[in-house]
There are 2 protein chains.
Amino acid sequence: MSKKELPVLQPAQSVPGLPGVLCCTPLAREPLGEADATDLAKVFKALADPVRLRLFSLIASFEGGQACVCDLTGEFDVSQPTISHHLKVLRDAGLVGSERRGTWVYYWVLPRTLGRLSGLLAPAETGALV
Amino acid sequence: MSKKELPVLQPAQSVPGLPGVLCCTPLAREPLGEADATDLAKVFKALADPVRLRLFSLIASFEGGQACVCDLTGEFDVSQPTISHHLKVLRDAGLVGSERRGTWVYYWVLPRTLGRLSGLLAPAETGALV
DNA sequence: TGTCAACATAGACGTATGTCGAAGAAGGAG
DNA sequence: CTCCTTCTTCGACATACGTCTATGTTGACA
């Protein structure tokens with residue numbers, strides 16, 4: 001790396017501001033705080049793109065749960081740098097992890113973030129309203 | 001309401017060929033199709049804003065499950081037209097419903113869309129992959 | 001050492017998005 | 001009818017975002 005050895009992904013997994021949000025509070029239980037909303041929005045924003053959604057889904061359903069970038073680029077109509085950019089967004093959001101092994105860089109889904117999101121979106125009390 | 005337009009995810013619930021999107025296909029089970037990804041991204045995009053997340057959470061946790069716009073505007077630092085804009089985005093995404101009653105317009109959460117999203121994000125089979 | 005392949009980064013460019021103030025539409029009260 | 005309140009729509013603006021090409025970095029191999 002040019003500057004430091006670790007990318008910006010540090011904050012995404014051990015975030016100081018994020019633990020409350022992505023922990024266990026159902027979205028529909030109590031009003032979301034301002035800081036929590038900001039952090040949570042970043043995660044949703046990472047998923048708010050068709051290419052990233054397909055990338056994420058593709059990685060998750062890959063054999064062995066891992067895929068190198070070369071496995072992914074062929075599936076899309078966008079250029080390789082664009083794929084790289086989207087992978088970085090997913091990584092910064094804590095949705096995927098990555099590691100370089102030899103020539104290739106492998107990506108995998110971080111199930112914890114995914115599960116937390118799922119829990120957040122679970123309807124508060126099923127069938128209560130409307 | 002004023003117009004005849006239907007939420008974006010209408011096709012997702014009536015199409016037999018691709019019921020996958022907002023129905024029951026876990027994101028991490030099989031690669032997401034291009035069309036499905038586009039539709040799904042619109043829903044996530046609707047949630048990818050701090051104000052909209054707080055709006056959504058606020059409506060959901062409101063007494064009675066409903067809130068008029070006047071109940072919401074005071075909670076934010078943005079102008080009332082901006083709130084109205086965000087509510088429209090949430091409504092177009094199928095996340096909330098709305099109805100005019102007299103002078104006021106009430107909004108409520110549509111739990112079905114929420115539940116579908118939650119199911120989509122659920123880790124494929126817990127512990128199966130990665 | 002040199003060369004090639006796999007990814008990442010940088011800069012640029014067009015479009016989308018969030019925000020505002022001003023104006024419009026829809027009801028209620030008088 | 002007129003006035004007021006509530007909410008939506010309309011332009012306009014600055015910023016953020018997705019994409020590209022070009023270039024940089026890293027590792028394998030001869």
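Distance NE2 (His86(A)) to P (dC17(D)): 12 Å, rounded to an integer number of Å. Atom C1' of nucleotide dA6(C) and atom CG of Leu72(A) are separated by 13 Å, given to the nearest angstrom. Counting to the nearest Å, the C1' atom of dA22(C) and the CD atom of Gln80(B) are 13 Å from each other. As a whole-Å value, the separation of Ile83(B) CD1 from dG21(C) C1' is 16 Å. Separating the CG atom of Asp71(A) from the C1' atom of dC7(C) is a distance of 13 Å, rounded to the nearest angstrom. In this structure, the NZ atom of Lys88(B) is 13 Å from the C1' atom of dC10(D), given to the nearest Å. Rounded to whole angstrom, the span from the CD atom of Glu99(B) across to the C1' atom of dT6(D) amounts to 16 Å. Across the protein-nucleic acid pair, His85(A) atom NE2 and dA6(C) atom P stand 22 Å apart, rounded to whole Å.
Listed nucleotides dT19(D), dC7(D), dG21(C) differ in distance to Pro81(B); the shortest reach to its side chain belongs to dG21(C). Closest to the side chain of Ser84(A), out of dT19(D), dA8(C), dC7(D), is dA8(C). Of the candidates dC20(C), dG18(C), dT21(D), the closest approach to any side-chain atom of Ser79(A) belongs to dT21(D). Of the candidates dC20(D), dC7(D), dC7(C), dC7(C) carries the atom nearest the Trp104(A) side chain, counting heavy atoms from C-beta on. Of the candidates dT17(C), dT6(D), dC7(C), dT6(D) carries the atom nearest the Arg100(B) side chain, counting heavy atoms from C-beta on.
Side-chain atoms of Asp71(A) come within 3.5 Å of backbone N or O of Cys68(A) as a donor-acceptor pair. With Ser57(A) contributing its side chain and Glu30(B) its backbone, the two residues share a donor-acceptor pair below 3.5 Å. Arg54(A) contributes no side-chain N or O that, together with a main-chain N or O of Phe76(A), makes up a donor-acceptor pair within less than 3.5 Å. Listed for the Ser98(B) side chain is no donor-acceptor partner under 3.5 Å among the backbone atoms of Tyr107(B).
If Thr82(A) and Thr103(A) are placed on DNA chain C by their nearest nucleotide, the residue sitting closer to the 5' end is Thr103(A). The residue among Lys45(A) and Cys68(B) whose nearest nucleotide of DNA chain D is located toward the 5' end is Cys68(B). Residue whose closest nucleotide on DNA chain D sits further toward the 5' end, between Ala48(A) and Gly102(A): Ala48(A).
Remark: Leu95(A) CG to Leu87(A) CG distance equals 11.5 Å, nearest 0.5 Å.
Counting any heavy atom pair closer than 4.0 Å across all strands shown, Arg52(A) reaches sugar-phosphate atoms only and no base atom. Note on Tyr107(A): only backbone sugar-phosphate atoms sit closer than 4.0 angstrom, heavy atoms only; bases stay farther off.
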